Amino acid sequence: MNDRQFKHIRCTINSRAVDAMVDVRASLTELLRGEFALTSVKHGCDVGECGACTVLIDGEPFNSCIYLAVWADGKDITTVDGLAEPDGSLSPLQQAFVDEGAIQCGFCTPGLILTAQSLINRGEPLSDEELRRELAGHLCRCTGYENIFKAVRRALDESLGKKG
Amino acid sequence: MYDIRALYEAQTVEEALALRREHPGARLIAGGSDLLIKIRDGKLPDAELISIRGIDSLRGVSLEADGTVRIGPLTSFTELTRDGIIKERLRVLADAAGEVGSPQIRNIGTVGGNICNGATSADTASTLFALDAKLELRGGSGTRLLDIAGFYLGAGRTDVRENELLTGILIGRESWERCHGCYIKYSMRSALDIAVLGCSVNLRLSADGAHIDRLRLAFGVAGPVPSRCPQTELAFAGAPLGEDTARQLARSAVSELSPRDSWRASRAFRLHVAEESAYLAFCECVRRAGGAI
Ligand code: FES
Ligand code: FES
């Protein structure tokens, strides 16, 4: 069968209402990168293992590579592009990644920041072990994870109003 | 792009059943965390899919008048781990759901999909065996209720008939009232890994708190499908709590298992892990029940 099947969807991407004609074969990664030029959403393993393609859907982290683009209909999607302030200054979490040296090549960074942001938004205190579990869906080939952990720990604690 | 020929989306159970009649060759897709990866792998060329993700009536957990806990098959693992009814009555199931994959996978994956795939390694499956879960399947000619044990036909094969849809996972009051469960997953990595072996125990103590009253022992990856240990369960009903009982019960349980050698682990290793897991899980159940080994 050569007739491709498309569906018209409406969703919100980084607080902006958008619509698109979506190929039913497309993943959400392909939609965000191809149609909306959001190349912060990385094409990694493509099978849900590495977390590089993570986006927030209605506030929760999902691997966009194993999420059909048509399922985005009616959803609220956030990529890392939606976190910085309107004037371009970094969010506290992003700044913590910079300050703690949590970024080397940067390939894992957008996904990790989004998962971490979802934890901050949830506003629940997490033990170190719980926090590591929450970040376990991301692979980083560069940093050895410790600085990433420190950055998220700091940003989460600060947002919960603790010192240090 | 996924190699998908056609995708049909259902918003209601009736629509899904109608789509199944119209497209007999189509596969159901819920979360997609298994199916999409198979498609990516080239295992389902030119796939025709019926997406049931949009059927909101099949999502969420409720408590029925007779104390049965009803779980909608589209409930995600994350939702299971956070649900108040589950946390209060079936903590073991919340724990098992929390062992799946990673947070992102737990958001997309559904408990119904976990079962319908028929994988022996599915983290929630062995616990649902230990909880004597019943499955509600709706088809063109009505609804049938099936014991989860009868649902598994063989490795990767389950008894979802053509024109049928899993519409509920039911756990009776006798499986949670005064019961305490524990699930142990043994895997090489603590995240994003498939179980080498899974063991789920559900225990109710006698009124005096010193004997086993009701025991359920279930395993995943100890055979082609998840399985129970009916002889051990029967033999140890009434047994006094203690180190000897715990050890003997674990030894007896593994005599009812038949794991295989695979690249992930040998049969001998799986049997060893199964015995230790059964022992540890049983002791933990006793502890949670307020008893002493
Ligand atoms: S690219 Fe999606 S998880 Fe790796
Ligand atoms: S910084 Fe390179 S993969 Fe994480």
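The figures that follow rest on heavy atoms only: side chains count, while hydrogens, waters and symmetry mates do not. Quantities reported herein were computed from a predicted structural model and do not represent experimental measurements.
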Please flag which part of B/Leu36 lies under 4.5 Å from any non-hydrogen atom of chain A: side chain, backbone, both or neither. side chain
B/Gly32, B/Ser33, B/Ser51: which one forms the most heavy-atom pairs within less than 4.5 Å of chain A? B/Ser51
Does atom CZ (B/Arg82) have a neighbourhood of more than 12 heavy atoms from anything else shown, all under 6.0 Å? yes
Pair count under 4.5 Å, heavy atoms only, with chain B: among A/Ala69, A/Ser27, A/Gly137, highest is A/Gly137
Quick one: what part of A/Leu139 sits under 4.5 Å from any heavy atom of chain B, side chain, backbone, both or neither? side chain
Proximity breakdown for A/Glu134 and chain B, heavy-atom pairs closer than 4.5 Å: both
Heavy-atom count check: over 12 atoms from other residues, nucleotides or ligands less than 6.0 Å from A/Glu129 CD? no
CD (B/Glu162) with more than 12 external heavy atoms under 6.0 Å: no
To the nearest 0.5 Å, tell me how far A/Ile148 CD1 sits from A/Arg153 CZ. 15.0 Å
Does the pair B/His180 and B/Glu284 meet the rule for a side chain to side chain donor-acceptor pair (under 3.5 Å), with working shown? CA-CA 9 Å; B/His180 295 269; B/Glu284 179 60 20; over 6 Å; no
Chain B: which of A/Asp46, A/Val70, A/Thr54 shares the most heavy-atom pairs with it under 4.5 Å? A/Asp46
A/Ser118 portion near chain B, given a 4.5 angstrom heavy-atom threshold: neither
Decide side chain to side chain donor-acceptor pair (under 3.5 Å) for A/Ser64 and A/Thr29; before the verdict, give the C-alpha distance in whole Å, the side-chain angles of both, and the deciding distance to 0.1 Å. CA-CA 5 Å; A/Ser64 64; A/Thr29 311; 2.8 Å; yes
Under 4.5 Å heavy-atom distance to chain B, tell me which part of A/Arg133 shows up: side chain, backbone, both or neither. both
Do you see a donor-acceptor pair shorter than 3.5 Å between the side chains of A/Asp19 and A/His8? yes
Given a strict heavy-atom distance threshold of 4.5 Å, which part of A/Asp73 is in contact with chain B: side chain, backbone, both, or neither? neither
